[in-house]
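Residue numbering restarts at 1 for every chain, and letters A, B, ... go by the order of the sequence lines. All heavy atoms count here, side chains included; hydrogens, waters and symmetry mates do not.
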There are 2 protein chains.
Amino acid sequence: MRMSEGVEWALHTCLNLTWLPAGQAVPAAKLAEFYGLPAAYLNKQLQALARAGIVSSTSGPRGGFQLARGPEHITLLDVVVAIEGPEEAFRCDQLLKQGPGADPTVDYRQSCLVSRGMRRADLAWRRELAAQTIADLRADVERAYPATPGNTVNRFAALRA
Amino acid sequence: MRMSEGVEWALHTCLNLTWLPAGQAVPAAKLAEFYGLPAAYLNKQLQALARAGIVSSTSGPRGGFQLARGPEHITLLDVVVAIEGPEEAFRCDQLLKQGPGADPTVDYRQSCLVSRGMRRADLAWRRELAAQTIADLRADVERAYPATPGNTVNRFAALRA
DNA sequence: GGACCACTACTCGGATATCTAATGTCCGAGTGTTGGAGG
DNA sequence: CCTCCAACACTCGGACATTAGATATCCGAGTAGTGGTCC
């Protein structure tokens with residue numbers, strides 16, 4: 001049950017975008033160069049964020065990506081769902097349909113108590129992710145590492161060369 | 001981030017084992033036949049449970065698997081970890097090591113605040129899984145579907161034919 | 001009749017294929033810019 | 001000098017390879033039972 005590495009890329013990239021001047025798009029190539037990532041593949045992940053309405057994309061010269069809304073309105077859950085999809089980690093293949101006393105009309109994803117127990121944990125996970133926003137993360141980082149915003153802006157400026 | 005289907009198989013199988021007479025091993029073939037699963041592959045999952053000390057295995061005639069300890073001492077987390085492995089779902093590849101101001105001596109899996117946020121959710125998930133035991137599930141099932149224990153025993157008896 | 005022994009059938013355990021999904025790459029569609037030509 | 005236009009360079013978006021991991025299968029090692037044989 002490994003999460004796609006795109007989630008890590010997306011979270012750090014969203015965080016970086018909060019430190020860059022608003023209203024200005026940054027191309028995927030720059031965002032990728034920042035961490036030495038493959039540009040085309042990061043682009044693919046950013047497309048997923050765009051489809052989810054987390055970032056907005058602009059084509060052509062001076063184009064790129066920027067946050068589609070304020071970082072205080074983007075939760076970690078939003079990003080994870082955008083990359084990984086909305087379905088829960090535990091998949092119930094409705095094994096009980098093959099067992100004794102099975103009722104074909106029942107949806108065991110709802111009534112199966114094993115599923116119910118797993119879903120309880122899944123909900124706790126989602127609740128915790130939804131409780132944290134990109135803005136929260138940014139504030140935590142700025143408190144612990146005050147130099148990070150400046151370093152980030154400088155690094156991006158250097159990449160323009 | 002899809003969980004292996006082996007988790008569902010393992011949970012339902014552990015539950016079934018609680019209803020069968022204790023001290024008596026059940027071969028993987030019977031456990032698989034119960035839900036129409038591929039026997040060799042379920043066997044593989046049961047081996048993982050055995051390595052984790054959740055079930056004990058016996059070779060030869062009259063051999064098979066049985067719970068290694070009381071169901072009240074087997075949590076959902078135990079089963080998930082046995083099948084999926086102990087590492088958390090979010091994997092931090094320490095992207096920050098490629099960023100500005102990176103310190104090669106720092107373990108960013110610990111200090112990175114993105115990782116920290118994701119780990120918080122992961123811990124909530126694990127806490128919820130650890131709070132539920134196989135015995136709890138069994139009690140829930142017996143309360144909601146009193147016929148299940150009998151049906152299960154009968155089905156296994158029929159499989160001996 | 002009892003005890004020992006070899007043989008058989010059964011079961012787990014791990015080594016080996018196959019297949020799906022994540023990872024990585026490439027090229028085309030669209031867009032803003034820019035330079036030049038014409039008025 | 002200003003305006004319009006056409007060519008260009010840049011960027012996203014999705015289609016197409018490649019690779020890692022999950023899924024599925026198979027065969028060998030070991031064990032308990034069983035039947036026969038010898039004492």
Side-chain angles (χ1 to χ4, degrees), chain A residues 1-10 13 17 23-33 35-68 80 82-85 87 89-91 93 95 159-160, chain B residues 1-10 13 17 23-33 35-68 80 82-85 87 89-91 93 95 159-160:
Chain A
M1 194 197 45
R2 211 178 45 173
M3 194 174 291
S4 162
E5 59 187 346
V7 174
E8 183 182 13
W9 299 3
T13 297
L17 285 175
Q24 181 179 340
V26 184
K30 295 271 169 55
L31 293 168
E33 181 68 14
Y35 290 121
L37 300 175
Y41 191 35
L42 176 64
N43 186 22
K44 195 184 176 78
Q45 313 289 358
L46 290 171
Q47 286 175 32
L49 292 183
R51 274 192 296 271
I54 294 172
V55 302
S56 65
S57 64
T58 316
S59 280
R62 311 294 285 172
F65 295 91
Q66 53 186 312
L67 293 184
V80 170
I83 303 291
E84 290 290 325
E87 64 280 352
F90 177 77
R91 61 176 151 166
D93 287 343
L95 229 51
L159 289 178
R160 301 191 180 283
Chain B
M1 193 197 43
R2 210 176 47 172
M3 194 174 292
S4 162
E5 59 185 347
V7 173
E8 184 182 12
W9 299 3
T13 298
L17 285 174
Q24 180 178 342
V26 185
K30 295 270 168 57
L31 293 168
E33 181 68 15
Y35 290 120
L37 300 174
Y41 191 35
L42 176 64
N43 186 21
K44 194 183 175 75
Q45 313 288 359
L46 290 171
Q47 285 174 34
L49 293 184
R51 274 192 295 273
I54 294 173
V55 301
S56 65
S57 63
T58 316
S59 280
R62 312 293 285 170
F65 295 91
Q66 54 187 312
L67 293 184
V80 170
I83 302 291
E84 290 290 326
E87 64 281 351
F90 177 77
R91 60 177 151 165
D93 288 343
L95 229 52
L159 289 179
R160 301 193 179 281

- CZ of A:Arg62 versus C1' of D:dC12: gap in Å, rounded? 17 Å
- Side-chain contact test, heavy atoms from C-beta onward, threshold under 4.5 Å: evaluate it for A:Met1 versus B:Ser4 and give yes or no. no
- Query: Whole-Å distance between C:dT11 C1' and B:Glu33 CD?
  - Reply: 17 Å
- Message: When you measure from the side-chain N and O atoms of B:Gln47 to the phosphate of C:dG14, is any distance below 4.0 Å, counting only OP1 and OP2?
- Response: yes
- Task: Please determine, for the side chain of B:Phe65, which listed nucleotide (C:dG13, D:dA22, D:dT11) has the closest atom?
- Result: C:dG13
- Walking DNA chain C from its 5' end, the first of A:Leu42 and B:Asn43 to be reached, judged by nearest nucleotide, is B:Asn43
- Query: For B:Arg51 and C:dG14, is the shortest distance between a side-chain N/O and OP1 or OP2 below 4.0 Å?
  - Reply: yes
- Note on the structure: Atom CD of A:Glu84 and atom C1' of C:dT23 are separated, to the nearest Å, by 13 Å
- Task: Select base, sugar-phosphate, or nothing to describe what A:Ala29 touches, counting heavy atoms under 4.0 Å on all strands.
- Result: nothing
- Think B:Ser57 has a side-chain N or O under 4.0 angstrom from the OP1 or OP2 of C:dG13? yes
- Query: Starting at the 5' end of DNA chain D, which residue's closest nucleotide do you reach first, A:Ala28 or A:Met1?
  - Reply: A:Ala28
- Message: Side chain of B:Tyr41, heavy atoms from C-beta onward: which of C:dT25, D:dA22, C:dT11 has the nearest atom to it?
- Response: D:dA22
- Message: Can you measure B:Asp93 atom CG to C:dA22 atom C1' for me and round it to whole angstrom units?
- Response: 14 Å
- Rounded to whole Å, CD of B:Glu5 lies from C1' of D:dA24 at a distance of 10 Å
- Aromatic ring centroids of B:Tyr41 and B:Trp9 under 6.0 Å? yes
- Message: Need to verify one output field. Residue with the more 5' nearest nucleotide on DNA chain D, A:Gly60 or A:Ala40?
- Response: A:Gly60
- Counting only side-chain N and O atoms of A:Ser4, is one of them less than 4.0 Å from OP1 or OP2 of C:dT23? yes
- Message: With nearest nucleotide decided by heavy atoms, which residue, A:Thr58 or B:Gly64, maps closer to the 5′ end of DNA chain C?
- Response: B:Gly64
- B:Pro61 has its side chain closest, among D:dA32, D:dC12, D:dA24, to D:dA32
- Value in whole Å for how far the P atom of C:dC12 lies from CD of B:Gln45: 14 Å
- Message: Could you measure the distance from the CG atom of B:Leu31 to the OG1 atom of B:Thr13? Nearest 0.5 Å is fine.
- Response: 5.5 Å
- Does some side-chain heavy atom of A:Glu5 sit less than 4.5 Å from a side-chain heavy atom of B:Arg91? yes
- Item | Whole-Å distance separating the NZ atom of A:Lys44 from the P atom of D:dG14 | 9 Å
- Task: Starting from P on C:dT25, measure out to CG on A:Leu37 and report it in whole angstrom.
- Result: 12 Å
- Should B:Ile83 and B:Gln45 count as side-chain neighbours, where that means a heavy-atom distance under 4.5 Å? yes
